[in-house]
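Encoded as structure tokens, the structure appears first; notes follow it.
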2 protein chains.
Amino acid sequence: MLSSIVFYALDKAIRSYRRMAQATIDRAGLDITIDQWLVLRVLLEHDDLTQHDIAERVFKDQASVARMLALLTRRGLLSAVPLPHDGRRTQLRVTEAGHRILAAVQPIVLQNRTKALAGISEEELAVLRPLLDRIALNCAPPA
Amino acid sequence: MLSSIVFYALDKAIRSYRRMAQATIDRAGLDITIDQWLVLRVLLEHDDLTQHDIAERVFKDQASVARMLALLTRRGLLSAVPLPHDGRRTQLRVTEAGHRILAAVQPIVLQNRTKALAGISEEELAVLRPLLDRIALNCAPPA
DNA sequence: GTAAAGACTATGATATATCATAAAGGTTGC
DNA sequence: GCAACCTTTATGATATATCATAGTCTTTAC
């Protein structure tokens, strides 16, 4: 049975969470995806990252990050100022509008996490985390 | 920290697995995605499902399933014969080529699972499963 | 029987995932 | 200085995710 396979349950859990999270953001009238939110959050704290660095932090592909940055910039949530010492790169800064939307999304995300973890104890979470890390590690490319 | 959040670890675990799994299939010279494989597997055992039924089983969207079915049919892995008693639907049957690719992928998938779960005990898995199910349930729409 | 309601599939629009690669800039070795 | 190499970004191609909706067919209510 499909349902007996742990990877199926894994996939289902994270997808359920993402759907629920996006729905709550949409319902709040906020025009941003959770992936965009994640990237914007990272940039809030580090404005000197390459696309590759960002991709590593959010565990995405550089190409995906490139397109998300372009989108965020087009939407005015991010500004890209050319860096003087490296003609390839830009300094990425969250704009005023970006800050506003981050602030608006933040409490929603916290609520979502609480909702998603309802009925799960700290001890159980403490078991869960290393297992997930182990799976990721087992599947990581040889480097 | 991003890394301290269980959902991040969840996302990373399943993505790592998917990347690894797809890489092993590609390396074996098999031209199929793991999502297509999943759908094909379901159809192997049930050829009388609607797209909605299939979507539920593989936890995807009906629209995604529609496109995957079109693709699988275009590639000759699936055949769609109109059903006499319902002009909207077709009977979906895995073709000979479909059977061959399923058979070729099967052992790879088993190896991948083993690899991904290396160092994780049965008891740990027994803890993991209900936690994942609980998260999915907590996030499920009100119905 | 027929009109309304419902079920099923297909598709448009937009976003993300992934690989591969092109294009441009930077660094190193000499 | 320059050639070879490396880094960074952008983009093409294809697949999937999601919502919304159109189009078709079936069922239900009456």
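Just so it is clear: chains get the letters A, B, ... in the order the sequence lines come, proteins before strands, and each one is counted from 1. All of these numbers come straight from a predicted model, not from anything done at the bench. Note that these values count all heavy atoms, side chains included, but never hydrogens, waters or copies made by symmetry.
Using a 4.0 Å heavy-atom cutoff across all strands shown, B:D61 reaches at least one base atom of the nucleic acid.
Under 3.5 Å, the side chains of A:T114 and A:Q111 contain no donor-acceptor pair of N or O atoms.
Applying the side-chain hydrogen bond (donor to acceptor under 3.5 Å, both in side chains) rule to pairs touching residues 22-33 of chain A yields A:Q22-A:D26, A:T24-A:N112, sequence neighbours excluded.
With sequence neighbours excluded, no residue forms a side chain to side chain donor-acceptor pair (under 3.5 Å) with B:R113. Residues passing the salt bridge (charged side-chain N to carboxylate O under 4.0 Å, His left out) test with A:D47, sequence neighbours excluded: none. With sequence neighbours left out, the salt bridge (charged side-chain N to carboxylate O under 4.0 Å, His left out) criterion links A:R134 to no other residue. Taking B:E96 as the reference, B:R100 meet the salt bridge (charged side-chain N to carboxylate O under 4.0 Å, His left out) condition, with sequence neighbours excluded. Take B:T95 and apply the side chain to side chain contact (heavy atoms under 4.5 Å, CB included) test, not counting sequence neighbours, and it matches B:S79, B:A97.
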Using a 3.5 Å cut-off and no angle test, enumerate the donor-acceptor pairs between side-chain atoms of residues 59-69 of chain B and protein atoms at least two apart in sequence or in another chain.
| residue | atom | partner | partner atom | Å |
| --- | --- | --- | --- | --- |
| B:K60 | NZ | B:D35 | OD1 | 2.7 |
| B:D61 | OD2 | B:A63 | N | 2.9 |
| B:Q62 | NE2 | B:Q51 | OE1 | 2.8 |

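Near DNA chain C, defined here as any heavy-atom distance below 4.0 Å, the residues from residues 63-81 of chain A are A:A63, A:S64, A:R67, A:M68, A:L71, A:R75, listed numerically. Taking a 4.0 Å limit (strictly below) on heavy-atom distances, residues 10-34 of chain B reaches DNA chain C at B:R15, B:R19. For the contact set between residues 91-100 of chain A and DNA chain D, defined by any heavy atom under 4.0 Å, there are no members.
A heavy-atom distance below 4.5 Å is not found between the side chains of B:D48 and B:D53. By the 4.5 Å heavy-atom criterion applied to side chains, B:L71 and B:Q36 are counted as neighbours. Counting heavy atoms from C-beta outward, A:L43 and A:R93 have side chains that stay 4.5 Å or more apart.
Each of B:H85 and B:D35 was assigned the nucleotide of DNA chain D with the nearest heavy atom; the assignment lying further toward the 5' end belongs to B:D35.
Using a 4.0 Å cutoff to heavy atoms of chain A, the contacted part of DNA chain C runs 5' to 3' from C:dA15 to C:dG26.
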Every protein N/O lying under 3.5 Å from an N/O of nucleotides 1-8 of chain D:
| residue | atom | partner | partner atom | Å |
| --- | --- | --- | --- | --- |
| D:dT7 | O2 | A:R88 | NH1 | 2.2 |

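The existence of a salt bridge linking B:R129 and B:D133 is confirmed by a sub-4.0 Å separation between a basic side-chain nitrogen and an acidic carboxylate oxygen. A salt bridge links B:D11 to B:R15: at least one charged side-chain nitrogen sits closer than 4.0 Å to a carboxylate oxygen.
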